[in-house]
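Only one structure is covered here, and it is reproduced in the block below.
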Amino acid sequence: MSTLERYNAPATEAKWRAAWDEADLYAVADDDPRPKYYVLEMFPYPSGRIHIGHTRNYTMGDVVARYRRAKGFNVLHPMGWDAFGMPAENAAMDRNVHPADWTYDNIDVMRGQLKSMGLSLDWSREFATCDVDYYAQQQRLFLDFREHGLVDRQLAKVNWDPVDQTVLANEQVIDGRGWRSGAPVEQREMEQWFFKITDYAQDLLEAIDTLDRWPDKVRLMQRNWIGRSDGMAFDVRLTGAPDGFETLSIFTTRHDTMMGATFAAVAADHPLAKALAEKSPEVAAFCEECARLGTSQEAIDKAEKLGFDTAIKVIHPTNPNWTVPLYIANFVLMTYGSGAVMGVPAHDQRDLDFARKYGLDVIDTFVPLDTEERVADVAFVPPKTSKVKYVCWAGEPGTVTTCQKAMDWSLKRFTEDGWGKAKTQYRLRDWGISRQRYWGCPIPMVYCDACGLVPVPVEDLPVELPRDIDFSAPGNPLDRHPTWKHTTCPKCSAPARRETDTMDTFVDSSWYFARFTAPKADVPVHRQVMEDWLPVDQYIGGVEHAILHLLYSRFFMRAMEKSGYGSAPEPFKGLFTQGMVTHETYADPSGEWLFPEDVVWREGNPFHAKTGEPITVAPPEKMSKSKRNVVDPEAILSGYGADTARWFMLSDTPPERDIEWTDAGVDGAHRFVQRLWRLVHDAVGRGDSAGSGDGLALRKATHAMIRDVSADIEGLHFNRAVARVYEMANTLQKSLGAGDAPGAAYREAVDAMVRCFAPMMPHLAEECWALLGNEGFVSAADWPTYDPALLIENELTLPVQINGKKRAEVTVAKDAANDDIERAVLALDEVKRHLDGSPPKKVIIVPKRIVNVVA
RNA sequence: GCGGGCGUGAUGGAAUUGGUAGACAUACCGGACUUAAAAUCCGGAGGCCCAUAGGGCCAUGCGGGUUCGAGUCCCGCCGCCCGCACCA
């Protein structure tokens, strides 16, 4: 043993990766007869290098892929690159490199890094979304969607940077200013392309119920995002309004409070408000003020309710002689409902604040059952299921009923009266996909003065991005390009202009999982092949994509089905959202953030490695460049090896929670790599003949491990699977130390253990597998099976409680009768002592679990 | 504000339908090996109290409740985290 060299992880790992490549072990065929399993991790953005979060995400996916492969599935486990996006353009501006070169160089680096993790990926299916072959097919999908009525043009507000002359994404607006120019951002309305995701609002909502292998949290977030509310729509007549505005559309979900409406209000960007603003500078000024306040999130928090009395009167729908004033109000949203509301101060806090400020009436329509007190400063907004007493409504005053019943009744009544009608409203809005930038998929449309908007014919695809591009001036470089946008109309051949907007990069990631099923096809997907592979059985990624990416992908599958691409309504059958990787933060006395490698520890206290100053340590948080609490996985991979990094990522912390990266944890993982190596060496040294006895205890432990590790991996409880392997190693080592380990049982145990940790540490497993003299790759070996007969105990040791406290144990035959157990328990010294001579009040025996004696 | 989640040793965390709380790991302490250290191996360990073996009490954020039995279920607090946020 003393001569055994340490396991050289980096060298050994490289050897096995080369061997896997040589054997083309992870390539997958579409026509394989075994049952399919599609495991996918969210593909990375090629930012430059892999970060620690990637290693966690891809390790988890790889464990699942390797486990399923061993269980006899035909496993699709592909990798690609979410390669379009702003950082490439920023690099182009900052460093004068071409976005394509920057992106593809990054991909080369990151591909090498991912390969060094030993992931069992089918690299032959790799693609990047910026590959012309990919975005050409995406353009085709766009045209098909349009053909099927799923694309339209709508006016939409954008963040406009007046200095850079460009549209900004929300995350580029910091405190209301452009991130580059620092100029105050303006809201502009522009015509943009939209995917009509709202056509599927109800379907997307209902189908969430079928996603039973998604986290409840994500399902709830999607439900809230779609935001269905059932209410009533109606038109009210106006007096004193400009021509063309004789009526106003209103939406409400509380029609039971209609008789408490004391004012009406429209949004500042409502068409009526705009019409008034044209005639009145005062109105225009008010609306502008509202628009300014609107943008930043903080402002909304503090925003005071502001209103402008238009002097227009709204005729209450229930009574032609009853009018209420119409305001323009800053808290009414144009983007929800009809952009106009009836204000019911008694039962809505916003309306109440507004009413108090502008001296409007407050009419209680119902009161609590236990008090006659009327609304003062706090609106009375009971849950719809609460019973209240109605005092002023469309029904009999004094009625006691639930709000929901009153609403149902009111809706029926108002519908019969001929002015109200039931309406379902969604919070979800159509998906604006236009982006005014270069590094994205061009939208294949042409503007012709004679023919209007004309789609690029499919045979003319792809509309390829020009290579020569200039980032030295602000604005969209495609729009500025000297020749690119000039073309001829596909219909009339007259000179025409190309659409210079490109697609939101979320479009790229909305169907890549489908493209992996036929990555080289000259159509977006092959119908049959896609239907065979989809849905993805297990999708793994960050919770930050819980709404947009996952919802857009669900929409895409429906849109593709409608466009004739085959049926796979739900793209991801199983979803798992893993936690982040965190690290302590370090700051020097001046408050500067320090990298972990700049910190040295002396006697448990941290000091600056160079200056020797004491350092303050703050609790772990998400790794970020700004706080410098980052660890580069490259150093771990090349120093300790991939298996150590993988094992660490899977250990201790449940995968859905945040994991704290610590050097001690990594060292511990590496120590275990070395320890397993020694254990296996020892097994080989013993051969098959040494030892005595049948090793039953060891065999039981082995088979229990197989059962438990299998269940833990299947349930994605990787931390528990890791603990089971540790337990097995401890058991092996103990039986070894006791000198009673029979060779065959020991050999069986080691063999099973190697196969069980192979999905987690594939290189080490491969080396151990070879050392044990097995043929072929453990990566291609079957998953071990366990013998249930070995797990049945003939005798059971039951805990014995007295009055609910554990006092003793009793060992009985596994099928012992309750009478026998009771007799054995009452004979125990410990039990006698506590009973002190008197008979027990009761003895509760839970079969195979526990005995409780009630004294 | 609305919605959701989580509170267990020094630390990360285990714990079937309510049934032996603290598996496994990290850090720590002791021993062996070593000139020494590292590495390795063996062992210890929730807290408090009495103690010779051993025994007792208290312990899963806090306070109640249901139960033979509660980390787990119910009610009320406290704290932290996440999502949405003027959605009519």
Side-chain angles (χ1 to χ4, degrees), chain A residues 1-2 4 6 215-221 223-225 227-229 231 250-254 257 265 267 293-294 297 299-301 303-305 329-333 335-344 347-351 353-354 381 425-429 543-544 546-547 604 620 648 651-654 656-660 662-669 671-672 674-675 678 711 717 719-730 733-734 736-737 797-809 833 840-855:
Chain A
M1 278 294 279
S2 56
L4 181 63
R6 279 173 69 80
D216 289 342
K217 181 169 114 178
V218 174
R219 298 203 292 173
L220 189 68
M221 280 162 75
R223 271 191 204 103
N224 291 341
W225 189 261
R228 174 182 165 135
S229 25
I250 309 270
F251 175 73
T252 178
T253 54
R254 290 306 294 262
T257 66
L293 292 170
Q297 283 148 346
I300 291 171
D301 267 347
E304 205 184 343
K305 302 283 174 283
N330 67 340
F331 66 92
V332 180
L333 302 174
T335 50
Y336 189 79
S338 58
V341 299
M342 292 299 277
V344 184
H347 306 299
D348 182 295
Q349 192 58 45
R350 291 160 301 174
D351 294 348
D353 294 345
F354 192 82
V381 191
Q425 184 70 45
Y426 296 91
R427 207 192 77 115
L428 182 70
R429 288 190 275 149
V543 73
E544 66 273 19
I547 297 173
F648 172 79
S651 302
D652 298 338
T653 304
E656 68 276 12
R657 287 202 214 165
D658 291 352
I659 188 171
E660 187 192 352
T662 61
D663 291 344
V666 178
D667 287 341
R671 273 203 299 277
F672 190 59
Q674 297 289 348
R675 189 174 150 214
R678 284 192 301 274
H717 306 300
N719 57 316
R720 300 206 303 222
V722 162
R724 299 285 92 82
V725 175
Y726 270 113
E727 230 164 20
M728 191 68 229
N730 291 344
Q733 200 146 357
K734 271 208 182 76
L736 186 66
T797 301
L798 300 177
V800 176
Q801 295 183 333
I802 296 162
N803 292 336
K805 289 193 185 215
K806 191 205 160 191
R807 298 294 180 184
E809 284 181 344
R833 195 165 64 82
K841 283 206 189 95
K842 204 177 188 185
V843 178
I844 292 149
I845 297 171
V846 184
K848 294 177 182 169
R849 282 245 157 263
I850 203 165
V851 181
N852 192 13
V853 179
V854 185

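Below, read A as the first sequence line, B as the second, and so on, with proteins coming before strands; counting in each chain starts at 1. Computed from a predicted model, the values in this text were never measured in an experiment. What you see below is based on every heavy atom in this structure, not just the backbone, and it leaves out hydrogens, waters and symmetry mates.
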Exercise. Any donor-acceptor pair under 3.5 Å between the side chain of A:Lys305 and the base of B:rC86?
Worked result: yes
Exercise. Given atom CZ of A:Arg807 and atom P of B:rG54, what is their separation to the nearest angstrom?
Worked result: 17 Å
For this session: Kindly say whether A:Gly343 contributes a backbone atom to a donor-acceptor pair with the side chain of A:Asp351 at under 3.5 angstrom?
Result: no
Problem set entry | A:Arg720 side-chain N/O to B:rA23 phosphate OP1/OP2 under 4.0 Å | no
Problem set entry | From B:rG83, B:rU40, B:rC24, nucleotide with atom closest to A:Asp652 side chain | B:rC24
Exercise. Which listed nucleotide (B:rC86, B:rA88, B:rC24) is nearest to the side chain of A:Phe331?
Worked result: B:rC86
Exercise. Can you tell which of B:rA25, B:rG69, B:rG13 lies closest to the side chain of A:Thr653?
Worked result: B:rG13
Exercise. Of the candidate nucleotides B:rG43, B:rU17, B:rA88, which contains the atom at the shortest distance from the side chain of A:Lys734?
Worked result: B:rG43
Exercise. For A:Arg671 and B:rA38, is the shortest distance between a side-chain N/O and OP1 or OP2 below 4.0 Å?
Worked result: no
For this session: Tell me whether the OP1 or OP2 atom of B:rG1 has a side-chain N or O from A:Arg350 closer than 4.0 Å.
Result: no
Exercise. Which of these nucleotides, B:rC41, B:rA39, B:rG4, is closest to any side-chain atom of A:Leu220?
Worked result: B:rG4
Exercise. Name the stems with RNA chain B in them: runs of three or more consecutive Watson-Crick or G-U pairs, distances under 3.5 Å?
Worked result: B:1-7 with B:78-84, B:10-12 with B:24-26, B:28-32 with B:40-44, B:46-50 with B:54-58, B:61-65 with B:73-77
Exercise. Any idea which of B:rU40, B:rC24, B:rG55 is nearest the A:Tyr726 side chain?
Worked result: B:rC24
